[in-house]
Enquirer: 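Pasting in a structure now, in structure tokens, and then I'll have a few things to ask.
Letters A, B, ... are given to chains in the order of the sequence lines, protein chains preceding strands, and every chain is numbered from 1.
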There are 4 protein chains.
Amino acid sequence: MTQTSPDAPTSPAAERPMRADARRNRERLLRAARDTFAEQGVDGSLEEVARRAGVGVGTLYRHFPARDDLIEALLHERFERTIAHAESLREGGDPWAAVEAYLRDVLSDAATFRGVAASIKATMHDASTPLGTVCALSRQGWSTLLEWARAEGVVRADADADDVLRVVYGIAWAADQRRARRPDSDPRIEPMLRIVLQGLRS
Amino acid sequence: MTQTSPDAPTSPAAERPMRADARRNRERLLRAARDTFAEQGVDGSLEEVARRAGVGVGTLYRHFPARDDLIEALLHERFERTIAHAESLREGGDPWAAVEAYLRDVLSDAATFRGVAASIKATMHDASTPLGTVCALSRQGWSTLLEWARAEGVVRADADADDVLRVVYGIAWAADQRRARRPDSDPRIEPMLRIVLQGLRS
Amino acid sequence: MTQTSPDAPTSPAAERPMRADARRNRERLLRAARDTFAEQGVDGSLEEVARRAGVGVGTLYRHFPARDDLIEALLHERFERTIAHAESLREGGDPWAAVEAYLRDVLSDAATFRGVAASIKATMHDASTPLGTVCALSRQGWSTLLEWARAEGVVRADADADDVLRVVYGIAWAADQRRARRPDSDPRIEPMLRIVLQGLRS
Amino acid sequence: MTQTSPDAPTSPAAERPMRADARRNRERLLRAARDTFAEQGVDGSLEEVARRAGVGVGTLYRHFPARDDLIEALLHERFERTIAHAESLREGGDPWAAVEAYLRDVLSDAATFRGVAASIKATMHDASTPLGTVCALSRQGWSTLLEWARAEGVVRADADADDVLRVVYGIAWAADQRRARRPDSDPRIEPMLRIVLQGLRS
DNA sequence: AATGAATGAGGATTCATTCAT
DNA sequence: GATGAATGAATCCTCATTCAT
């Protein structure tokens with residue numbers, strides 16, 4: 001009765017779809033954060049993020065009360081795609097190809113939002129943070145994948161899922177040219193990844 | 001006598017013998033920096049360094065105009081030992097053991113101060129900085145060592161010296177617990193290194 | 001009928017009867033403000049007030065354009081009761097008892113919300129504000145009461161009505177524990193009031 | 001030996017008398033704080049204080065790391081004078097005159113640094129703060145004085161030292177015109193104090 | 001009328017670096 | 001040469017108030 005009363009002001013239905021301008025600002029903020037964090041690292045100035053988004057600081061804080069909420073939002077979509085990919089890879093039937101493809105995905109995730117590897121590393125195992133929760137999902141997918149590859153005998157028995165992930169994030173970090181005095185012409189992700197892949201193969 | 005001691009500042013020709021108290025302060029500053037950086041990482045407060053050294057900030061700046069000069073001075077000694085080690089390893093006759101030992105040295109150097117890997121990465125290829133110069137020396141030693149191991153056939157032909165170094169610094173970064181919410185009990189350097197080593201072996 | 005209810009807004013002639021939902025919101029806001037101010041003092045967050053009322057901030061501002069309007073509305077009822085009390089006291093026939101009772105009322109009013117004494121003090125003599133107007137009414141009642149007590153010879157001749165009120169508000173302020181580092185177990189209003197009462201008696 | 005060595009830079013003796021410019025800035029800061037706090041209350045902007053002193057914020061924080069250190073410094077001198085006065089008053093032989101004079105001192109202290117009464121009230125009983133410590137001293141003096149007056153029979157037996165102080169601070173607060181919309185022409189401290197004094201007399 | 005998103009000034013605090021003593 | 005006082009940019013965050021929807 002209450003929700004169908006004539007007093008209900010504007011929204012006809014019960015769900016609140018987020019106002020158009022709010023949604024637009026959210027998008028802008030995410031884009032600005034992506035850029036800013038790429039340049040300054042995930043410690044980058046939030047004030048700067050707001051400025052780039054053409055938005056007041058207050059707006060940023062309304063949308064993302066904590067820095068991690070911003071990072072989490074940044075990663076969420078990507079991670080979900082990666083996890084979905086992992087599942088589809090398992091259906092491909094080639095465990096080694098799957099491992100390769102997955103790690104390339106991870107690197108691509110970490111490279112897209114440069115500097116985010118640091119953040120992931122920091123909260124990777126803290127399920128109490130939103131970011132940690134996303135990471136847990138991602139690690140779960142990778143773990144299953146690796147287990148399978150191990151069972152199929154294409155990966156060394158002693159390779160731990162977390163350790164491999166860590167090295168891969170280390171590669172992402174090493175390839176990150178941010179703050180380098182003389183930018184390397186070549187990010188050289190591939191050669192580094194190849195070393196690791198060969199280290200995994202049994 | 002004083003100016004020929006092994007602690008003489010880096011410039012090859014010292015015009016003036018450096019006053020006794022200046023030398024003493026330099027030593028104190030290095031020691032204080034070592035402690036401070038060990039606790040707070042290489043981003044640690046310089047004011048804190050000066051305080052621990054029992055010296056004014058101004059004095060610190062006179063001796064080490066930039067933070068990197070301080071880091072460089074701290075790494076110099078370590079790096080020289082590592083380079084010397086590389087040479088002695090070549091005399092051991094076992095190229096694979098040499099590669100292993102050397103990379104472990106590198107990791108140990110990088111683990112000295114939290115965050116130092118980032119500094120190294122940033123200036124690695126910039127010979128105009130003091131830190132870059134030290135790195136160049138180090139890379140030279142590693143390059144020769146790897147070449148030898150490759151010639152002996154114990155290391156894959158396609159492994160590039162710089163790429164391997166990068167991955168190893170990536171490992172150091174990944175093992176760095178700074179800013180981690182829930183510090184991992186175990187930095188897990190060994191398992192990560194093992195993956196890389198196995199990736200190098202031919 | 002609706003506009004003659006005791007809850008009608010302060011303006012004497014209400015052109016339009018005020019929509020039912022508007023009236024409901026007004027009530028809710030007052031209730032929420034009462035709670036919030038009781039907890040956080042009169043400096044409490046207005047956003048919080050709106051939230052508790054289950055209403056947007058905008059609505060709050062529509063009903064109460066300034067914080068003082070809210071405070072005024074909250075005090076209005078209390079003050080009216082106090083004024084009425086003053087009149088009934090005069091009928092009691094005991095002027096000293098009346099003075100005592102009245103000042104206790106004032107203290108009780110001022111203790112309603114932390115910090116409200118400051119608001120009262122600030123606008124006490126400014127009849128252009130709604131709060132000031134209420135205060136003027138209140139002071140009028142007190143003045144008459146005191147005059148009577150003076151005429152009856154139970155109160156010193158040199159006691160000025162405003163001065164006494166000021167001291168009493170000062171007591172309310174002194175008893176206010178807001179921001180105290182170590183909250184006093186006992187606000188000690190009574191002993192302070194007793195000093196003042198004894199200072200009044202002739 | 002060490003302190004007489006030729007290395008000792010400027011200060012001939014062992015004590016460090018504070019550099020001339022530092023002392024000057026300290027004075028300026030205190031003056032600026034006095035003014036700023038008078039206008040904005042003790043919650044006044046520290047940035048403003050620094051600006052008025054013609055000094056960077058950093059300088060303010062170097063001299064007074066916490067707001068209370070500033071307030072404490074502001075009160076220290078005054079309080080000491082008041083305490084000394086209390087002692088001299090006891091030698092005067094007239095306990096009632098002493099009580100009167102002392103409370104006038106207290107009011108004068110509280111009025112000089114307007115708004116400071118609030119701060120005193122907040123930390124009055126917290127000996128862990130520097131301000132609380134100063135207050136304790138002050139209260140000690142007053143307590144002794146009052147005890148004496150009580151023993152001499154000129155003050156009511158039931159008057160508690162702390163309660164009286166509280167009312168007096170309440171008077172200071174009530175007389176404070178800061179933030180009043182229509183400043184009262186007359187601070188009216190005297191009439192209020194007289195009420196309290198008469199309330200004390202036995 | 002109601003809503004709540006957006007604003008942005010404002011306040012506290014830190015610290016690398018410079019410079020007067 | 002040594003000292004440490006001074007600087008002030010930079011960062012985080014909060015909240016009263018306005019205004020587009």
Enquirer: On DNA chain E, check which nucleotide each of Arg24(A) and Gly58(B) is closest to and give me the residue with the more 5' one.
Expert: Arg24(A)

Enquirer: If you assign Val55(A) and Ala20(D) each to the DNA chain E nucleotide with the nearest heavy atom, which residue ends up on the more 5' nucleotide?
Expert: Val55(A)

Enquirer: If you look at every heavy atom in Val42(D) and Arg67(D), which pair is closest and at what distance?
Expert: O-NH1, 2.7 Å

Enquirer: In plain terms, say whether Glu47(B) and Arg51(B) are close enough for a salt bridge, that is, a side-chain N and a carboxylate O under 4.0 Å apart.
Expert: no

Enquirer: If you only use heavy atoms from C-beta on, which nucleotide in dA5(F), dA12(E), dT7(F) is closest to the side chain of Ser45(D)?
Expert: dA12(E)

Enquirer: Measure the distance from CG on Leu70(D) to C1' on dT13(E) and round it to the nearest whole Å.
Expert: 15 Å

Enquirer: Please give, in whole Å, the distance from dA1(E) P to Arg26(C) CZ?
Expert: 13 Å

Enquirer: Quick check on dA6(F): is either OP1 or OP2 less than 4.0 Å from any side-chain nitrogen or oxygen of His63(D)?
Expert: yes

Enquirer: Categorize Thr59(A) for me: base, sugar-phosphate, or nothing, with a 4.0 angstrom heavy-atom threshold over every strand shown.
Expert: base

Enquirer: Should Arg62(D) be listed as having a side-chain N or O under 4.0 Å from OP1 or OP2 of dT7(F)?
Expert: no

Enquirer: Are any of the side-chain nitrogens in Glu48(B) or Arg52(B) under 4.0 Å away from the carboxylate oxygens of its partner?
Expert: yes

Enquirer: Nearest whole angstrom, please: distance from the P of dT3(F) to the CE of Met18(D).
Expert: 19 Å

Enquirer: Quick check against the 3.5 Å criterion: does Asp35(A) have a side-chain atom that pairs as donor or acceptor with the backbone of Ala32(A)?
Expert: no

Enquirer: Closest approach of Gly132(B) and Thr129(B), non-hydrogen atoms and distance?
Expert: N-OG1, 2.8 Å

Enquirer: Could you pull out the closest heavy-atom pair between Leu46(A) and Phe37(A), with the gap in Å?
Expert: CD2-CZ, 4.3 Å

Enquirer: In the structure I gave you, are the side-chain heavy atoms of Ile71(C) and Phe113(C) within less than 4.5 Å of one another anywhere?
Expert: no

Enquirer: Find the distance Glu47(C):CD to dT3(E):C1' and express it as a whole number of Å.
Expert: 12 Å

Enquirer: Whether Asn25(B) contacts dA2(F) is assessed here as follows: a side-chain N or O lying under 4.0 Å from the phosphate OP1 or OP2. Is that the case?
Expert: yes

Enquirer: Could you check whether Arg23(A) gets within reach of a base, just the sugar-phosphate, or nothing at all, counting any heavy atom under 4.0 Å?
Expert: nothing

Enquirer: Taking only N and O in the side chain of Arg67(D), is any of them less than 4.0 Å away from OP1 or OP2 of dA12(E)?
Expert: yes

Enquirer: On DNA chain F, nearest-nucleotide positions of Gly54(B) versus Gly56(D): which is more 5'?
Expert: Gly54(B)

Enquirer: Looking at Arg28(A) and Ala53(A), what are the two nearest heavy atoms and their distance?
Expert: CD-O, 3.4 Å

Enquirer: For Asp21(D) and dT18(E), what is the distance between atoms CG and C1' respectively, to the nearest whole Å?
Expert: 14 Å

Enquirer: Check the distance between dG8(F)'s C1' and Glu48(D)'s CD and give it to me in whole angstrom.
Expert: 17 Å

Enquirer: Grab the OH-C1' distance between Tyr61(C) and dT7(E) for me, whole Å please.
Expert: 13 Å

Enquirer: What would the secondary structure line of DNA chain E be in dot-bracket form, counting Watson-Crick and G-U wobble pairs under 3.5 Å, with [ ] for pairs that cross earlier ones and | for pairs with another strand?
Expert: .||||||||||||||||||||

Enquirer: Measure CG/Leu46(C) against C1'/dT18(F) and give the value in whole Å, please.
Expert: 14 Å

